[in-house]
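Structure, as structure tokens:
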Amino acid sequence: MSRNFVLLLALAALLAAPPARAEEMSFHLATTASARCADHCPRVIVAEGEIVEDTADAFVGFLREQGHETELRSIVLLDSPGGRVLASMQLGQALRRLGMAVIVARVEPTSGALVSGRCYSACVYALMGGRKRVIPRQSRVGVHRMFNYVDGVDPTSGETLRERRYDDGGMRRTLTRYSDSMGVSRDLIALAERTSPDRVHLLSAAEIARWRLGSPKL
């Protein structure tokens with residue numbers, strides 16, 4: 001058996017298996033570092049991880065815990081591999097209600113500098129909720145067709161089966177209305193639903209600008 005054939009088999013197995021579950025999204029405060037603000041750099045909210053059913057509630061609860069945090073600016077740094085579509089829209093709606101600006105980026109722990117972030121899959125629907133949306137040139141935003149996994153049982157063998165279920169059109173219509181309300185072109189939803197769920201279409205700077213998803217600078 002050739003080495004290339006073995007590699008192809010391994011790749012096929014990887015694509016057929018459900019992705020490893022990422023850590024659920026968590027929130028914390030961080031101070032950014034910049035020569036322009038010296039010792040008075042703003043504190044921002046860092047949102048990292050997979051978006052799950054209660055992420056929006058967790059975010060609102062986190063803000064309540066901060067009380068009257070005077071140094072806290074209305075800026076969220078977003079870095080996520082994706083998650084649940086409905087939960088991502090709920091997080092986006094919470095961000096919009098609160099007037100938050102969203103930057104796809106992370107904070108480098110030692111220096112406090114902003115570094116590249118990612119916003120893949122359903123994360124894009126949370127990003128849409130930002131009052132202002134910033135996608136630095138080095139950060140990555142990508143989409144693909146939405147789906148979920150459904151577990152069942154093989155009636156013959158009794159083995160547990162996991163299969164993908166795709167949208168029947170209802171969720172796409174919901175997402176289209178949502179993107180309209182957030183000022184983002186519905187063409188982005190159409191692109192996502194045309195993209196294989198086994199890959200991520202990374203949005204180019206031209207696509208980001210054309211579909212009004214964000215700008216490279218705050």
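Note that the coordinates shown come from a computational prediction; the quantities given were computed from them, not determined experimentally.
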Looking at [X] and [Y], would you say the former's side chain and the latter's main chain have a donor-acceptor pair under 3.5 Å?
X	Y	answer
Arg133	Gly130	yes
Thr195	Leu191	yes
Ser121	Cys123	no
Ser88	Ala122	yes

Using side-chain heavy atoms (C-beta onward) and a distance below 4.5 Å, is [X] in contact with [Y]?
X	Y	result
Arg84	Glu50	no
Ile103	Pro136	yes
Tyr125	Val184	no
Val107	Val115	no
Met128	Ser181	no
Met171	Met146	yes
Arg118	Ser80	no
Glu24	Val52	yes

Between Phe27 and Phe59, does the ring centroid distance fall short of 6.0 Å?
->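 Distance test on ring centres: under 6.0 Å, yes.
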Please determine whether residues [X] and [Y] belong to a single hydrophobic cluster, defined as Ile, Leu, Val, Met, Phe, Trp and Tyr linked transitively by side-chain heavy-atom distances below 4.5 Å.
X	Y	result
Met25	Met100	yes
Ile51	Leu98	yes
Leu78	Leu29	yes
Met182	Leu95	yes
Val85	Val124	yes

For the [atom1] atom of [X] and the [atom2] atom of [Y], what is their distance to the nearest 0.5 Å?
X	Y	atom1	atom2	value
Phe62	Ser26	CZ	OG	9.5 Å
Arg172	Arg186	CZ	CZ	10.0 Å
Asp79	Tyr120	CG	OH	9.0 Å
Gln90	Thr55	CD	OG1	9.5 Å

Would you sort out whether Glu48 and Arg106 count as a salt bridge (charged side-chain N to carboxylate O under 4.0 Å, His left out), showing the intermediate values?
-> CA-CA 8 Å; Glu48 297 176 316; Arg106 296 172 294 121; 5.7 Å; no
Is it the case that Glu193 and His144 place a side-chain donor and acceptor less than 3.5 Å from each other?
->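 Checked: Glu193/His144 side chains show no N/O donor-acceptor pair below 3.5 Å.
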